[in-house]
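Reckoned from all heavy atoms, side chains included, excluding hydrogens, waters and symmetry mates.
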Amino acid sequence: MTLPYKPESAAVKPTAIKGMANGLLTKNVLEPCGIRSFVLEREAARSMRALVKKARRDGIPLSATGTYRSYDGQVNLFKRRYDNVKRSTRHEFWRGLNWWLKPKVAGAAVPGTSNHGWGLAVDFSLRNKLGQEKPLNTAALSWLTKNGPSFGWWNTTHSENWHWCWCLGDGPM
């Protein structure tokens, strides 16, 4: 299945976060997004609430494993997924060193560069009746492919079908 794709750089920062630093957004620009206790930047959160509501009406129990990440949260995630032991071909350069992806984990952006740090990204999952998080299935991905862009959401990482970003800035849904 081909997902509706835009590059990470297509995520336009809404006016409310201009001048702020990645991962250091103030509480007044973050709102609940309709998924558990997660928050996103205000415009992205409003759109996400509408998207989640429609998904649930259509029988798709969208959830997430992550949305806004503070800078410290980005550092912690990065250090859990990368270290300075060369064991793969995938690496990132951070703090003057090469950091190599550990086996059997998904990559993560270099801290301070993630759209999660702008409150514009979500890592979707599904939540079953027992409250357990599960990977997206074909039905959920088909639903997101059909509906995500009309709510301003696109997949922005080809290798991660769960990672979607708000790309409309202050634009209308």
Side-chain angles (χ1 to χ4, degrees), residues 1-13 21-25 30 33-41 44-45 47-48 51-52 55 60-128 130-145 147-149 151-167:
M1 169 181 324
T2 302
L3 301 177
Y5 175 80
K6 287 191 177 195
E8 282 284 305
S9 59
V12 178
K13 288 188 262 182
N22 185 298
L24 299 174
L25 302 186
L30 297 170
C33 67
I35 300 174
R36 298 174 26 216
S37 61
F38 288 126
V39 296
L40 289 166
E41 181 282 330
S47 173
M48 182 59 64
L51 181 141
V52 168
I60 306 295
L62 283 181
S63 188
T65 58
T67 56
Y68 171 70
R69 288 189 192 127
S70 69
Y71 183 79
D72 289 343
Q74 292 176 61
V75 169
N76 290 335
L77 178 66
F78 188 82
K79 286 182 173 181
R80 284 195 315 268
R81 296 190 180 176
Y82 292 82
D83 62 25
N84 301 117
V85 178
K86 184 177 180 178
R87 61 178 135 227
S88 71
T89 57
R90 183 157 176 199
H91 68 282
E92 300 288 349
F93 191 74
W94 180 56
R95 292 186 174 170
L97 298 169
N98 280 314
W99 292 75
W100 303 90
L101 185 63
K102 293 177 182 178
K104 300 180 184 176
V105 296
V110 170
T113 67
S114 173
N115 278 325
H116 287 284
W118 296 118
L120 302 176
V122 60
D123 289 338
F124 282 117
S125 62
L126 296 174
R127 194 169 184 103
N128 69 19
L130 300 174
Q132 300 163 319
E133 298 300 319
K134 302 289 183 184
L136 295 173
N137 59 25
T138 303
L141 288 168
S142 293
W143 189 93
L144 282 166
T145 296
N147 295 282
F151 287 90
W153 293 91
W154 280 265
N155 173 259
T156 56
T157 305
H158 284 301
S159 62
E160 298 178 357
N161 65 13
W162 60 86
H163 180 83
W164 291 62
C165 287
W166 168 253
C167 295

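Cys33 approaches Val52 most closely through the heavy-atom pair O-CG2, 4.5 Å. Across every non-hydrogen atom of Arg81 and Ala106, the tightest pair is CD-O, 2.9 Å. Shown here for Leu120 and Ala11, the closest heavy-atom pair between the two residues is CD1-CB, 4.4 Å.
In this view, Ala140 and Ile60, Leu126, Leu136, Asn137 satisfy the side chain to side chain contact (heavy atoms under 4.5 Å, CB included) rule, not counting sequence neighbours. Every residue meeting the side chain to side chain contact (heavy atoms under 4.5 Å, CB included) condition with Leu3, not counting sequence neighbours, appears here in chain and number order: Met1, Leu141, Thr145, Asn155, Asn161, Trp164. A search for ring pair (Phe, Tyr, Trp, His ring centres under 6.0 Å) contacts involving Phe78 returns Tyr82, Trp94, Trp99, not counting sequence neighbours. Remark: Trp153 engages Ser47 in a side-chain hydrogen bond (donor to acceptor under 3.5 Å, both in side chains) (not counting sequence neighbours). With sequence neighbours excluded, the residues satisfying salt bridge (Lys or Arg N to Asp or Glu O under 4.0 Å) with Arg127 are Glu133. Under the salt bridge (Lys or Arg N to Asp or Glu O under 4.0 Å) criterion, Glu160 pairs with no residue at all, not counting sequence neighbours. For Trp162, there are no ring pair (Phe, Tyr, Trp, His ring centres under 6.0 Å) partners, not counting sequence neighbours. Applying the side chain to side chain contact (heavy atoms under 4.5 Å, CB included) rule to Asn98 yields the partners His91, Phe93, Trp100; only residues at least two apart in sequence or on another chain are considered. Remark: Thr2 engages no residue in a side chain to side chain contact (heavy atoms under 4.5 Å, CB included) (not counting sequence neighbours). A search for ring pair (Phe, Tyr, Trp, His ring centres under 6.0 Å) contacts involving Tyr5 returns His158, not counting sequence neighbours.
Sorted by first then second residue, the salt bridge (Lys or Arg N to Asp or Glu O under 4.0 Å) pairs that include residues 86-114, not counting sequence neighbours, are Asp83-Arg87. For residues 113-125, the salt bridge (Lys or Arg N to Asp or Glu O under 4.0 Å) pairs, not counting sequence neighbours, are Arg69-Asp123.
Rounding to the nearest 0.5 Å places NE2 of His116 at 8.0 Å from CG of Leu77. Taken from SG in Cys167 to NZ in Lys13, the straight-line distance is 14.0 Å, to the nearest 0.5 Å. For the atom pair Leu40 CG and Ile35 CD1, the distance stands at 7.5 Å (nearest 0.5 Å). Taking CZ of Phe124 as the reference point, atom OG1 of Thr67 lies at 10.5 Å (rounded to 0.5 Å). Summarising the geometry, atom CG belonging to Asn115 is positioned 8.0 Å from atom CG belonging to Asn22; distances are rounded to the nearest 0.5 Å.
In this structure, Tyr71 contributes its side chain and Ala21 its backbone to no donor-acceptor pair below 3.5 Å. Although no hydrogens or angles enter the test, the distance criterion places no donor-acceptor pair under 3.5 Å between the side chain of Thr156 and the main chain of Lys6. No side-chain donor-acceptor contact under 3.5 Å links Tyr68 to the backbone of Val122.
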